[in-house]
Amino acid sequence: MTRGRIEFPPSFFDPSITLDSGQAFRWRPLDESRNGWIGIVSGNVVKVSEKEARVLSDNSQDTEALQRYFSIDDDIDSIFATFPYDKTLNSSKRGLPGLRLLTQDPWECLISFVCSINCNIPSIRLKIDNLSRRYGKKIETDLDFEAYSFPTAETLAKASKRDLLTCKLGFRWKYVKFIAKRVAKGELDLDKLRNVSYQVSLQELISETSGMTFGVGPKVADCVLLYSLHKTEAFPIDVWILRCLERFYPEETGGSVRSLTPKKYFAISEAMRMKFGRYAGYAQLYLYVKMRHDFHSM
DNA sequence: TCCCAGGTCCTAC
DNA sequence: GTAGGACCTGGG
């Protein structure tokens with residue numbers, strides 16, 4: 001049987017830079033060389049290198065899911081050609097060859113970024129792994145490797161507070177359960193958001209529902225829109241990006257930002273959209289990853 | 001031991 | 001509207 005497999009063009013993809021960039025949280029390097037990575041795409045175990053992505057777990061020939069996941073049709077050079085000249089951004093691009101914007105499953109992405117609230121990346125990973133182990137299904141592979149699918153909305157909607165807390169979700173447990181219920185009932189239809197504009201899908205994600213706590217603010221919503229629904233206008237603003245913007249884009253932030261209220265968030269995000277256009281999200285990705293890399297190599 | 005983390009929500013002005 | 005604080009808890 002031929003299993004799903006795609007080849008990456010030369011210098012298209014750097015697994016280490018992309019899969020450890022804070023877009024997705026379930027990829028693991030196979031060894032210390034960090035040349036090969038293993039993760040899960042559309043419920044299948046996938047092994048990735050600089051040259052290819054290969055499904056290890058089933059016998060489907062479907063390569064579409066892989067192509068979509070790695071945003072294979074996006075040409076980074078053409079996208080950067082749409083940007084105005086920008087020294088900071090150009091330097092980020094030079095420093096991050098092979099960084100790709102992923103197009104993940106929106107449901108998994110939404111829960112992942114709810115788990116990210118007030119957490120560091122190792123801690124986010126832990127939560128998502130715990131959820132998958134506890135509520136996902138084991139995926140069979142030839143390898144000696146334990147992989148679990150991401151739990152469905154129906155499953156998480158039924159999960160108890162106690163069990164969610166054993167997954168180390170902390171106060172986020174109620175957000176996860178609440179969102180899972182909305183998705184399971186069809187009140188929130190993530191797939192439908194693929195076909196609507198950035199603004200409409202943003203409103204849909206952060207719309208208030210009967211005064212109940214929801215856990216999806218502008219930042220989480222923008223991450224889902226950019227990293228899973230491929231709304232490339234989305235410009236998520238977190239603490240790292242905010243520091244970067246204050247320093248390199250003071251006109252857009254209006255100087256230093258004391259506290260990022262929703263109103264300010266939308267104003268700054270919109271200003272970056274005005275500056276970089278319909279691919280502003282790509283600018284965000286490159287700036288964010290560059291900030292993190294520079295910080296860790298200091 | 002203490003502080004912080006890819007934010008969000010609640011409360012008091 | 002806006003600022004300030006609480007929030008679970010694992011890691012550094």
Side-chain angles (χ1 to χ4, degrees), chain A residues 17-27 92 96 99 101-102 104 108-131 133-134 159-179 182 202 205-228 234-246 253-269 272 280-298:
Chain A
I17 290 177
T18 300
L19 303 175
D20 204 15
S21 65
Q23 299 181 71
F25 303 96
R26 295 225 284 158
W27 290 92
S92 298
L96 300 166
L99 171 60
L101 177 67
L102 301 176
Q104 305 174 60
E108 175 173 344
C109 192
L110 175 55
I111 297 302
S112 298
F113 279 96
V114 168
C115 287
S116 82
I117 297 174
N118 203 217
C119 267
N120 54 29
I121 288 180
S123 189
I124 302 167
R125 288 213 172 96
L126 180 75
K127 289 171 177 52
I128 296 167
D129 278 348
N130 286 342
L131 280 177
R133 227 173 266 279
R134 171 70 182 78
S160 70
K161 172 182 178 181
R162 220 187 92 163
D163 279 4
L164 290 170
L165 286 177
T166 27
C167 292
K168 309 294 181 192
L169 289 193
F171 63 86
R172 302 160 200 80
W173 77 269
K174 53 188 167 204
Y175 301 154
V176 168
K177 190 171 165 82
F178 183 69
I179 294 164
R182 286 198 68 201
L202 178 69
L205 274 177
I206 62 180
S207 65
E208 284 188 15
T209 41
S210 60
M212 288 190 67
T213 52
F214 190 23
V216 184
K219 156 67 170 58
V220 170
D222 269 340
C223 285
V224 174
L225 292 173
L226 182 58
Y227 303 142
S228 73
F235 194 96
I237 302 172
D238 68 308
V239 286
W240 291 90
I241 279 292
L242 189 58
R243 278 177 218 148
C244 168
L245 300 184
E246 285 173 331
T253 62
S256 81
V257 180
R258 254 177 261 133
S259 74
L260 193 59
T261 61
K263 193 180 172 182
K264 256 183 221 161
Y265 180 102
F266 290 122
I268 298 174
S269 182
M272 298 311 286
Y282 264 95
Q284 191 274 1
L285 176 65
Y286 276 75
L287 292 172
Y288 172 76
V289 178
K290 184 66 162 50
M291 283 293 286
R292 297 294 303 246
H293 278 222
D294 289 352
F295 179 78
H296 289 300
S297 61
M298 277 196 316

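Chain naming here is simple, since letters A, B, ... match the order of the sequence lines and numbering starts at 1 in each.
For the side-chain contact (heavy atoms from CB on, under 4.5 Å) test with R172(A), the passing option among I111(A), L165(A), L164(A), N118(A) is N118(A); the others fail. Applying side-chain contact (heavy atoms from CB on, under 4.5 Å) to V224(A) and the options L205(A), L202(A), V216(A) leaves one that passes, L205(A).
Backbone-only engagement by R243(A) is indicated by non-hydrogen atom pairs under 4.0 Å involving sugar-phosphate atoms exclusively. Nucleic acid contact for Y227(A): base, since at least one base atom lies under 4.0 Å from a heavy atom of the residue. Among the protein residues, V114(A) comes within range of no part of the nucleic acid, since none of its heavy atoms lies under 4.0 Å from any strand. Residue contacts shown for P218(A) are limited to sugar-phosphate atoms, with no base heavy atom under 4.0 Å away. Within the nucleic acid shown, K263(A) comes within 4.0 Å of sugar-phosphate atoms alone, with no base atom in reach, counting heavy atoms only. Looking at heavy-atom distances under 4.0 Å, S21(A) makes contact with a base. R292(A) comes within 4.0 angstrom of sugar-phosphate atoms only, judged by non-hydrogen atoms across all strands, and of no base. Residue G22(A) is in base contact, counting any heavy-atom pair closer than 4.0 Å across all strands shown.
Of the candidate nucleotides dG10(C), dG6(B), dA3(C), dA3(C) has the atom lying nearest to any side-chain atom of T261(A). Nearest to the side chain of N118(A), among dG10(C), dA5(B), dG6(B), sits dA5(B). Of the listed nucleotides (dG6(B), dA3(C), dC8(C)), dA3(C) has the atom at the smallest distance from the side chain of S259(A). When each of dG7(B), dA3(C), dG6(B) is scored by its nearest atom to the side-chain atoms of Q284(A), the top-ranked nucleotide is dG6(B). Which of dT9(C), dT2(C), dG6(B) sits closest to the side chain of I241(A) comes down to dG6(B). Checking dG7(B), dG6(B), dA3(C) against every side-chain atom of Y288(A), the shortest atom distance belongs to dG6(B).
In this entry dG6(B) has no Watson-Crick or G-U wobble partner, no candidate having both defining distances under 3.5 Å. For dC8(C), there is no paired base (Watson-Crick or G-U wobble, both distances below 3.5 Å).
The distance from atom CZ of F171(A) to atom P of dC9(B) is 10 Å, rounded to the nearest whole Å. The CG-P distance, from L242(A) to dA5(B), rounds to 13 Å in whole Å. When the C1' atom of dT8(B) is taken as reference, atom CD1 of I206(A) falls 12 Å away, rounded to whole Å. Per the geometry, CG belonging to L165(A) stands 11 Å off P belonging to dG10(C), to the nearest Å. If you take CG of D238(A) and C1' of dT8(B), they are 14 Å apart, rounded to a whole angstrom. Rounded to an integer number of Å, the gap from NZ of K174(A) to P of dC10(B) is 8 Å. Atom NZ of K161(A) and atom P of dC7(C) are 13 Å apart (whole Å). In this structure, R172(A) places its CZ atom 13 Å from P of dC9(B), rounding to the nearest Å.
Between F113(A) and F25(A), the gap from one ring centroid to the other is short of 6.0 Å.
Side-chain N/O atoms of K264(A) include one lying less than 4.0 angstrom from OP1 or OP2 on dA3(C). Proximity of K219(A) to the phosphate of dG6(B): no side-chain N or O atom is located under 4.0 Å from OP1 or OP2.
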Q: Quick one: do M291(A) and R243(A) satisfy side chain to side chain contact (heavy atoms under 4.5 Å, CB included)? Show the steps, please.
A: CA-CA 9 Å; M291(A) 283 293 286; R243(A) 278 177 218 148; 4.2 Å; yes

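Comparing the same atom, C1', in dC7(C) and in dC3(B) gives a spacing of 15 Å after rounding to whole Å. Rounded to whole Å, the C1' atom of dG5(C) lies 16 Å from the corresponding atom of dC4(B). Comparing the same atom, P, in dT8(B) and in dG11(C) gives a spacing of 23 Å after rounding to whole Å. For dT11(B) and dC8(C), the P atoms lie 14 Å apart once the distance is rounded to whole Å.
In this structure, the separation between CG on D129(A) and NZ on K168(A) is 14.0 Å, given to the nearest 0.5 Å. Once rounded to the nearest 0.5 Å, the distance linking CG of L19(A) with CZ of R26(A) reads 13.5 Å.
The nearest heavy atom of DNA chain C to P122(A) and to I117(A) marks one nucleotide each, and the one closer to the 5' end goes with I117(A).
At a threshold of 4.5 Å between non-hydrogen side-chain atoms, the residues R134(A) and T166(A) do not count as touching.
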